[in-house]
**Student:** 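This is the structure, below, for whatever I ask next.
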Amino acid sequence: MPTFEEVDYGLPKGILVKAAGPIRLVTLNRPDDLNGANRPMHRALAKVWGHLDEDAYARAVVLTGAGQAFSAGGDFGYMQENIDDEAMRAQTMAEGRAIIEGMVRCRLPVVAAVNGPAVGLGCSLAVLSDIVLIAEGAFLADPHLRMGLVPGDGGMSWPTLIGLSRAKEYLFLGGRIPADEAVRLGLASRTVAAQSLLDEALTLATKLASMPPAALRQTKRALNSYLEVQLEHAFARGLDGELVSMGSDEHRDAVARARNKAAGRSR
C-alpha cells in the first residue's frame, strides 16, 4: 500500500482526506457510529467533491469507510435535529443536492471501496461512485421509505443502473442487497475479499490515474450525462419530496421508534 499523507481541505469533521501521489483516499471517519452522517459530516460531504475537483495534482479518488461499515446512513440524532428545525431541513437538502451534483460532475474517477454495510446515504455515496468494489459480506440498502422519507438522493439514479421495475421494488421495500446480488443487478462492479478490498481499490485507482486525464475526464462526463440530465428532473423531484417528508409525522414516528430500539440495545 502506498504511503498516504493527510490533505487539509479545511473540511468539517467526519471525513478524512489523504494523498499518495495522484491518488486521494477519502474516508468516512465516524467508526464508532458506523460512519453515520451527522451534521458536520453531511456538510463535509457537500464540500469535498469541489475540493477534489480543484485539486490540480489529483487524478483518481478512492472512497471508503473507517472501521466495520462503509456508512450506516443518517445519524438518528441528526435526523431528529432536522425534524425539529425547518431551516436545518432546507440546508440539509441543499447539501444533499450539492453531494449529488458534486459526485456526478467531479472530473475525477471515483472508486468506492464498500467495506461493510452501505445504508441510506451510504448506499447513495456508493452507487453514485464511478466504479464500486464491494467486500464479500457487505450489503447495500436504501431504507429511506421505511423511515418515512422519499429516497431523494442516490436512489433516483437506480432506474438508470438497474431498470425502473427493479429500482421500484428495492426502493419501495428498502431491503438489504447482498454483495453478490448488488453485482448481479449492476449496483456494484465486483465483489472482493474483505482483507484485500482497499488494496484492490487503490490498484484500480492507480490504473485510472495513469490514463490520459483529459480523455478520461471527457469520457466520464459523457457517460454521466445519463445521470446529469436527471438533475433537474428525477433528482430535483426526489429532493423536493424528501424535504417535505422530513417534516412529516411518518418520519417523526419512524425516527422515534428507531431511537427507542437503539436505546434498548445499548442498555
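Note: hydrogens, waters and symmetry copies are ignored here, and every other heavy atom, side chains too, is used. For the single chain, residues carry numbers from 1 onward in sequence order.
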**Student:** Please report the shortest heavy-atom distance between Arg146 and Gly174, naming the atom on each side.
**Tutor:**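 Nearest heavy atoms, Arg146 then Gly174: NH1-O, 2.9 Å.
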**Student:** Indicate yes or no: at least one non-hydrogen side-chain atom of Val62 is less than 4.5 angstrom from one of Val26.
**Tutor:** no
**Student:** State, yes or no, whether a side-chain contact exists between Ile23 and Thr206 at a heavy-atom distance under 4.5 Å.
**Tutor:**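 Side-chain contact under 4.5 Å: yes.
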**Student:** Is it true that a side-chain atom of Ser189 and a backbone atom of Val132 form a donor plus acceptor pair closer than 3.5 Å?
**Tutor:**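 Yes.
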**Student:** Counting only N and O atoms by type, is there a donor-acceptor contact under 3.5 Å from the side chain of Ser248 to the main-chain atoms of His251?
**Tutor:** yes
**Student:** Is it the case that the side chain of Arg30 and the backbone of Gly14 share a donor-acceptor pair, with hydrogens and angles ignored and the cut-off at 3.5 Å?
**Tutor:** no
**Student:** Hydrophobic clusters here meaning ILVMFWY residues chained together by side-chain heavy-atom distances under 4.5 Å, can you tell me if Val183 and Ile162 are in one?
**Tutor:**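 Hydrophobic grouping puts Val183 with Ile162.
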**Student:** How many angstroms lie between atom CZ of Arg217 and atom CG of Asp53, to the nearest 0.5 angstrom?
**Tutor:** 9.0 Å
**Student:** If hydrophobic clusters are built from ILVMFWY residues whose side chains come within less than 4.5 Å, do Val127 and Leu133 share one?
**Tutor:** no
**Student:** Indicate the atoms forming the closest heavy-atom contact of Gly154 with Leu128, along with that distance.
**Tutor:**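 So the two residues come closest at CA-CD1, 4.1 Å.
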**Student:** Can Glu95 and Leu45 be said to form a side chain to side chain contact (heavy atoms under 4.5 Å, CB included), step by step?
**Tutor:** CA-CA 8 Å; Glu95 291 167 2; Leu45 283 167; over 6 Å; no
**Student:** Measure the shortest side-chain to side-chain distance between Pro2 and Leu202 over non-hydrogen atoms and say whether it is less than 4.5 angstrom.
**Tutor:** yes
**Student:** To the closest 0.5 Å, what do you measure between CD (Gln230) and OG1 (Thr160)?
**Tutor:**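 Answer for the CD-OG1 pair, Gln230 versus Thr160, is 6.0 Å.
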**Student:** Can you tell me if Asn115 uses its side chain to pair, donor with acceptor, with the backbone of Gly67 under 3.5 Å?
**Tutor:** yes
**Student:** Evaluate Glu6 against Val17 for side chain to side chain contact (heavy atoms under 4.5 Å, CB included), listing each step before the verdict.
**Tutor:** CA-CA 6 Å; Glu6 190 168 346; Val17 183; over 6 Å; no
**Student:** May I ask you to test the Asn82-Arg39 pair for a side-chain heavy-atom distance under 4.5 Å?
**Tutor:**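 They are not in side-chain contact.
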**Student:** Taking the side chain as C-beta and beyond, is there a heavy-atom pair between Met79 and Met246 under 4.5 Å?
**Tutor:** no
**Student:** Sub-3.5 Å donor-acceptor pair from the side chain of Asp55 to the main-chain atoms of His51, do we have one?
**Tutor:**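 Checked: no pair found.
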**Student:** Yes or no on side chain to side chain contact (heavy atoms under 4.5 Å, CB included) for Phe70 and Leu34, after CA distance, side-chain angles and deciding distance?
**Tutor:** CA-CA 7 Å; Phe70 183 76; Leu34 300 178; over 6 Å; no
**Student:** If two hydrophobic side chains count as joined below 4.5 Å and joins carry through other members, does Met41 share a cluster with Val61?
**Tutor:** yes
**Student:** Main chain of Leu125, side chain of Ser129: is a donor-acceptor contact present, judged purely on distance under 3.5 Å?
**Tutor:** yes
**Student:** Measuring from Met156:CE to Glu242:CD, what's the distance to the nearest 0.5 Å?
**Tutor:**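 CD of Glu242 is found 9.0 Å from CE of Met156.
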**Student:** Side chains of Leu227 and Val229: closer than 4.5 Å at any heavy-atom pair?
**Tutor:**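 No, too far: nothing below the 4.5 Å cut-off.
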**Student:** Looking at Thr191 and Glu136, would you say the former's side chain and the latter's main chain have a donor-acceptor pair under 3.5 Å?
**Tutor:** no
**Student:** Rounded to the nearest 0.5 Å, what separation is found between the CG atom of Leu187 and the SG atom of Cys123?
**Tutor:**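 So the CG of Leu187 and the SG of Cys123 are separated by 7.0 Å.
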**Student:** Nearest 0.5 Å, please: how far is CG in Leu216 from CZ in Arg221?
**Tutor:** 14.0 Å
**Student:** Taking atom types as modelled, find out whether Ser71 and Asn35 have a side-chain donor-acceptor pair closer than 3.5 angstrom.
**Tutor:**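 Ser71 vs Asn35: no donor-acceptor pair found between side chains.
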**Student:** Under the criterion salt bridge (charged side-chain N to carboxylate O under 4.0 Å, His left out), I'd like the reasoning laid out for Asp240 against Arg237: C-alpha separation, chi angles, the key distance, then a yes or no.
**Tutor:** CA-CA 5 Å; Asp240 287 346; Arg237 185 164 293 183; over 6 Å; no
**Student:** Would you check, one step at a time, whether the test salt bridge (charged side-chain N to carboxylate O under 4.0 Å, His left out) holds for Glu228 with Lys220?
**Tutor:** CA-CA 11 Å; Glu228 191 159 4; Lys220 173 175 174 173; over 6 Å; no
**Student:** Report the residue from Leu171, Asp153, Leu121 that forms a side chain to side chain contact (heavy atoms under 4.5 Å, CB included) with His144.
**Tutor:** Asp153
**Student:** Can you get from Leu145 to Leu149 by hopping between Ile, Leu, Val, Met, Phe, Trp and Tyr side chains that sit under 4.5 Å apart?
**Tutor:** no
**Student:** What do you reckon, is CD of Gln68 surrounded by more than 12 foreign heavy atoms closer than 6.0 Å?
**Tutor:** no
**Student:** Does Met103 belong to the same Ile/Leu/Val/Met/Phe/Trp/Tyr cluster as Val111, with side-chain heavy atoms less than 4.5 Å apart forming each link?
**Tutor:**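 Met103 does not cluster with Val111.
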**Student:** Take Leu28 and Leu63 through the side chain to side chain contact (heavy atoms under 4.5 Å, CB included) test and state the conclusion after the steps.
**Tutor:** CA-CA 8 Å; Leu28 307 175; Leu63 174 65; 4.2 Å; yes
**Student:** Answer yes or no: is there a side-chain heavy-atom contact under 4.5 Å between Ile99 and His42?
**Tutor:** yes
**Student:** For Ala182 and Leu140, work out which heavy atoms get closest and say how close.
**Tutor:** CB-CD1, 3.8 Å
**Student:** State, to 0.1 Å, how close Leu197 and Ala113 come at their nearest heavy-atom pair, and which atoms those are.
**Tutor:** CD2-C, 3.8 Å
**Student:** Is Glu250 reaching over with its side chain to a backbone N or O of Gly148, donor-acceptor style, under 3.5 angstrom?
**Tutor:**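 Such a contact is absent between Glu250 side chain and Gly148 backbone.
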**Student:** To the closest 0.5 Å, what do you measure between CZ (Arg89) and CG (Asp84)?
**Tutor:**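 These two atoms lie 8.5 Å from each other.
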**Student:** Going by side-chain hydrogen bond (donor to acceptor under 3.5 Å, both in side chains), name the residues that satisfy it together with Glu181, two or more places apart in sequence or in a different chain.
**Tutor:** Tyr170, Arg184
**Student:** Within 45° of the axis and under 6.0 Å from the centre of the six-membered ring of Phe76, does NZ or CZ of Arg259 qualify?
**Tutor:** no
**Student:** Which heavy atom in Leu108 sits nearest to a heavy atom in Ala60, and how many Å separate them?
**Tutor:**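 Closest approach of Leu108 to Ala60: CD2-N, 4.3 Å.
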**Student:** Is any side-chain heavy atom of Asn29 less than 4.5 Å from a side-chain heavy atom of Ile15?
**Tutor:** no
**Student:** Where is the tightest heavy-atom contact between Val150 and Gly238, given as atom of each residue plus distance?
**Tutor:**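 Val150 and Gly238 have their closest heavy atoms at CG1-O, 3.6 Å.
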**Student:** So, Thr92 versus Tyr78: side-chain donor-acceptor pair below 3.5 Å or not?
**Tutor:** yes
